[in-house]
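All chains are named by letter (A, B, ...) in the order of the sequence lines, taking the proteins before the strands, and each is independently numbered beginning at 1. All values below were derived from every heavy atom in this structure, side-chain atoms included, with hydrogens, water molecules and symmetry-related copies excluded.
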Amino acid sequence: MTRVANSLILGFVASLFISAAQAEPTATGDLGLVIERATGSLLLIDQSERASLARIEGLGDLSHASLVYSPDERFAYVFGRDGGLTKVDIVTRTIANRVIQAGNSIGGAISDDGRLVAVSNYEPGGVRIFDADTLEMVADIPTGSKTIGLVDAPGSRFVFTMWDTGETWIADMSGAEPAITKIPDMGENPYDALITGDGRTYITGLFGEDGMTALDLWEDDPQPIRVLPDYGRGQEDLPVYKMPHLEGWALAGREFVLPAVGQHEVLWVDADDLSETGRTQTYGQPVFAMARPDGREVWVNFAHPLNDTIQVLDTVSKEIVHEFKPGPAVLHMEFTPRGHEVWISVRDAGKIMIYDTQTYEKVGEIDAESPSGIFFTARAHKTGL
Amino acid sequence: MARLLLALLLAGGTAWADDSPNPDALRRLVHQDCGSCHGLTLKGGLGPDIRPQSLLHYDAEILAEVILDGIPGTAMPPWRPLITTAEAEWIANYLLQSETQ
């Protein structure tokens, strides 16, 4: 055999190895996606490697974007501000499908069975529901209002709330047609909402009045329950330069931890009877108050112009036990599923920074273009995320 | 206040060293921070559309007042604690120009 033929055969064998390596199944359980808000791209990240694997481009306006995962952790449904709904395949690292479903959107949810994806819209105001396989619209629910706080609830239901009219609607999608239950008088200008991990309690934050409003979704006919009616009363509201997010709900032990609006504090609420159990003064107006998955600590970031800082609260003493400045414009935090690390997007540093949650030491960083939301695939198995 | 000022400087915020507005910092403020409510492209979110075609019937002077003092009873906060009058005027003029697109 000639030397040329030899090297040809070697080359052929080598290429077989390479294609075999590429054909390895991709396990997605420790992967995640980062929203790169200014460039309309996503960064695929690997939790174990503390690295980025790929950039997926062409998703439109991703300011204030969020996403949910399919139950098999293969597909992400990305909700863009421009009304774009994009289905991303994180195994092939490509866009599988994309539709522009409205003019101006604000988040979405996936049903408990993974069959339906719902999007919450400002313009035209309402919720649209899509087949998760094809992205064909299966229901259009106009609400006559900017619609916020859209979450999934057990029983193929979606729950959402109207900024302008103060109503919460429950859309039951288990039948052939959506069955809508309307709950008026939730309060003035609800700005966001959360659902607890058991799918029982839905809480809306109110901008237009003091307090919050809860619904017990285990009731046949849920009625608004006023929570913290005195919070903020008698205190002058501070200017709100960014609305808090309630989605990163924090159930720490037996208490919820909620960011206040117009006050530099977080509020502690008894999870059973929804009474106030304490307040902790914070560095600025909180944006996210996120419980570490074990519930022992709550990590809090803040609104502009104090958005360079994170404070860590101990949930037993309710005191601040650690404070640090990751860098300019800390927008989001995501814990690894069992909480050993927290990944933090620092928009104006162009970095994802990774911290050990036991030692608070920085253990890594990843370059990203104006990163905002960080979403690990483990969210696929959680109600309300 | 010292802490606030420091935070602003650290955040690459407005130029306090002299009186003239820093266009790069203010453009960033408009898109990133006004954008929290009005959208990164300013076409609206919880807050209204503030692109030039939507604001044409307002004078720059009125817009600067709204920026500085907010609109009581709405989610529009007063920015006076964070920016100067000259900066608010710069932003008002910036919003009225088509350059923002």
Side-chain angles (χ1 to χ4, degrees), chain A residues 37-40 60-65 80-83 103-107 121-123 145-148 163-164 188-192 207-208 237-245 261-262 283-285 287 302-309 325 327-331 346-349 370 372, chain B residues 1-16 22 24-51 54 66-84 87-88 91 100-101:
Chain A
R37 63 202 298 272
T39 47
D61 177 0
L62 291 187
S63 56
H64 212 287
R81 191 54 172 273
D82 57 1
N104 196 332
S105 313
I106 191 73
N121 292 319
Y122 284 160
E123 184 55 50
S145 164
K146 289 172 181 169
T147 302
I148 56 97
W163 162 264
D164 302 291
E188 195 176 329
N189 288 147
Y191 61 86
D192 197 11
F207 181 80
D237 276 353
L238 299 165
V240 177
Y241 296 110
K242 178 164 175 53
M243 295 283 178
H245 277 263
V261 62
Y283 176 67
Q285 191 213 266
V287 174
F302 304 101
H304 174 88
L306 302 176
N307 57 0
D308 62 340
T309 297
K325 294 185 186 297
V330 173
L331 294 195
V346 188
R347 186 191 65 206
D348 295 347
S370 295
S372 59
Chain B
M1 187 59 205
R3 192 168 64 170
L4 184 66
L5 189 63
L6 182 66
L8 274 170
L9 290 171
L10 285 174
T14 48
W16 292 69
N22 173 344
D24 285 342
L26 289 177
R27 255 192 295 271
R28 180 179 208 100
L29 178 85
V30 167
H31 292 278
Q32 302 294 353
D33 297 303
C34 304
S36 290
C37 284
H38 298 284
L40 190 73
T41 59
L42 311 182
K43 72 174 185 181
L46 266 192
D49 186 333
I50 52 167
R51 290 175 294 182
S54 309
V66 168
I67 294 165
L68 287 169
D69 296 325
I71 304 176
T74 75
M76 178 67 186
W79 290 80
R80 198 182 289 281
L82 305 182
I83 63 176
T84 65
E87 287 168 336
I91 292 171
T100 52
Q101 303 310 299

**Report entry** Pairwise distance OH(A:Tyr191) to CG(B:Leu46) - rounded to 0.5 angstrom
**Finding:** 11.0 Å
Query raised in the report: Is a side-chain donor or acceptor of A:Lys242 paired with a backbone partner of B:Asp33 at a separation under 3.5 angstrom?
Result: no
Report task. Measure the CZ-NE2 distance between A:Arg37 and B:His31 for me, rounded to the nearest 0.5 Å. Result -> 11.5 Å
Report summary line: Rounded to the nearest 0.5 Å, the CG atom of A:Asp61 sits from the NZ atom of B:Lys43 at a distance of 6.0 Å
Query - Distance (rounded to the nearest 0.5 Å) between A:Met243 CE and B:Ser36 OG - result: 10.0 Å
Query raised in the report: Does the A:Tyr241 side chain pair with the main chain of B:Cys34, one donor and one acceptor, at a distance under 3.5 Å?
Result: no
**Report entry** Min side-chain heavy-atom separation B:Gln32-A:Arg347 under 4.5 Å
**Finding:** yes
Requested in this report: Work out which heavy atom in B:Leu82 is nearest to a heavy atom in A:Pro305; give both atom names and the distance.
Outcome: CD2-CG, 3.6 Å
**Report entry** B:Leu29 side chain near A:His304 side chain, heavy-atom distance below 4.5 Å
**Finding:** yes
Query raised in the report: Closest approach of B:Thr74 and A:Phe207, non-hydrogen atoms and distance?
Result: O-CE2, 3.6 Å
Query raised in the report: Which atoms of A:Asn189 come close to chain B, meaning under 4.5 Å heavy atom to heavy atom: side chain ones, backbone ones, both, or neither?
Result: neither
Query raised in the report: How far does OH of A:Tyr122 sit from CG of B:Asp49, to the nearest 0.5 angstrom?
Result: 14.0 Å
Query raised in the report: Rounded to the nearest 0.5 Å, how far apart are NE2 of A:His64 and CG of B:Leu40?
Result: 11.5 Å
**Report entry** Region of A:Ile148 that comes under 4.5 Å of a non-hydrogen atom in chain B
**Finding:** side chain
